[in-house]
Amino acid sequence: MDSAEDKFCLREVLVSFKSCLLNDDKDVLVEHYLTGWKGLVRFMNTLGTVFSFVSKDAVTKIQIMENYLKGDNGERYRTLRSMVEYELSGNLVDLTKRSSHPDSGCRTLLRLHRALRWLQLFLEKLRTSSEDSKTSTLCSEAYNDSLANYHPWLIRKTASVAFFALPTRNTFFEVMNVGSPDVVVEMLGEALPYVSKVYDFTQELYVQRNLLDLP
Ligand SMILES: CCCCCCCCCCCCC/C=C/[C@@H](O)[C@H](COP(=O)(O)O)NC(=O)CCCCCCCCCCCCCCC
């Protein structure tokens, strides 16, 4: 059965991160990477308007990347490697302060990449947590160990308040629309290594090209 509800399943979303891996995990297809992000945003939107400030920012960044993909130089943005080469060789990246290229693909992708680390940590915590674990605690631990390091005080504060609105672990699992909690845990165990591979490849590429601190 393929109802609209069935289609919205976290498994499908995480599969996008598997399908974006190319060349023996040595490159990432931008289009599928963004498909994964769009699915995550859709999932986040079901959790209530309290996260709309997060979703708005993610959508803006996804849109910037999609515009590059659809643009005249779209082919150069097909993979992360080609994007980095193209933007760096054309001096299209603001390296120290935002000026002539404030929304380069490299800096925009970096924001999503940092958020992917949060996702990886959070889902791993959900996977290994006990039934009575508090999702707000798991989420803020994951946030403090990742994205929070790049956010100013006001955003950290707003995020930490929003985390209290997260549903319980079981409700979370239900919204994922994957099956019973055991099946969710199994699915996460299978899918998370792909998210990690995408994260690790991107991190390595950004380290090599010294792009981790783009303003
Ligand atoms: C489960 C839902 C909880 C979501 C919590 C996500 C972590 C909180 C992030 C708070 C971000 C606040 C929004 C603003 C961010 C920007 O300032 C900041 C910097 O941008 P700039 O350099 O252009 O100024 N932007 C960012 O760091 C990018 C943030 C992107 C966040 C995307 C989060 C998507 C979460 C998808 C949830 C899916 C849950 C699936 C779990 C089963």
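In each ligand, atom 1 is the first atom listed, and ligand 1 is the first ligand listed. Given the structure is predicted, the values throughout are model-derived calculations rather than measurements.
Counting non-hydrogen atoms of other residues, nucleotides and ligands closer than 6.0 Å to CD of E124 gives a total above 12.
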Could you list the donor-acceptor pairs under 3.5 angstrom formed by side chains in residues 205-215, with sequence neighbours left out?
{"unit_1": "Y206", "atom_1": "OH", "unit_2": "C106", "atom_2": "O", "d": "2.7"}
{"unit_1": "Q208", "atom_1": "NE2", "unit_2": "E204", "atom_2": "OE2", "d": "3.3"}
{"unit_1": "R209", "atom_1": "NH1", "unit_2": "E85", "atom_2": "OE1", "d": "3.3"}
{"unit_1": "R209", "atom_1": "NH1", "unit_2": "E85", "atom_2": "OE2", "d": "2.4"}

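For the 3.5 Å distance criterion, the side chains of S52 and S55 fail to qualify, holding no donor opposite an acceptor. Side-chain contact annotation: S19 with S16, donor-acceptor N/O pair under 3.5 Å absent.
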Report the C-alpha distance between D103 and T108 in whole Å, list the side-chain angles of each, state the deciding distance to 0.1 Å, and finish with yes or no for side chain to side chain donor-acceptor pair (under 3.5 Å). CA-CA 6 Å; D103 291 327; T108 304; 4.8 Å; no

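Two rings, from H151 and Y143, have their centers less than 6.0 Å apart.
The immediate protein surroundings of ligand 1, defined as residues with any heavy atom under 4.0 Å of it, consist of L10, W37, L40, F43, M44, L47, F51, F53, V54, D57, A58, K61, R107, R111, A115, W118, L119, L123, Y143, L147, H151, I155, F163, L166, F172, M176.
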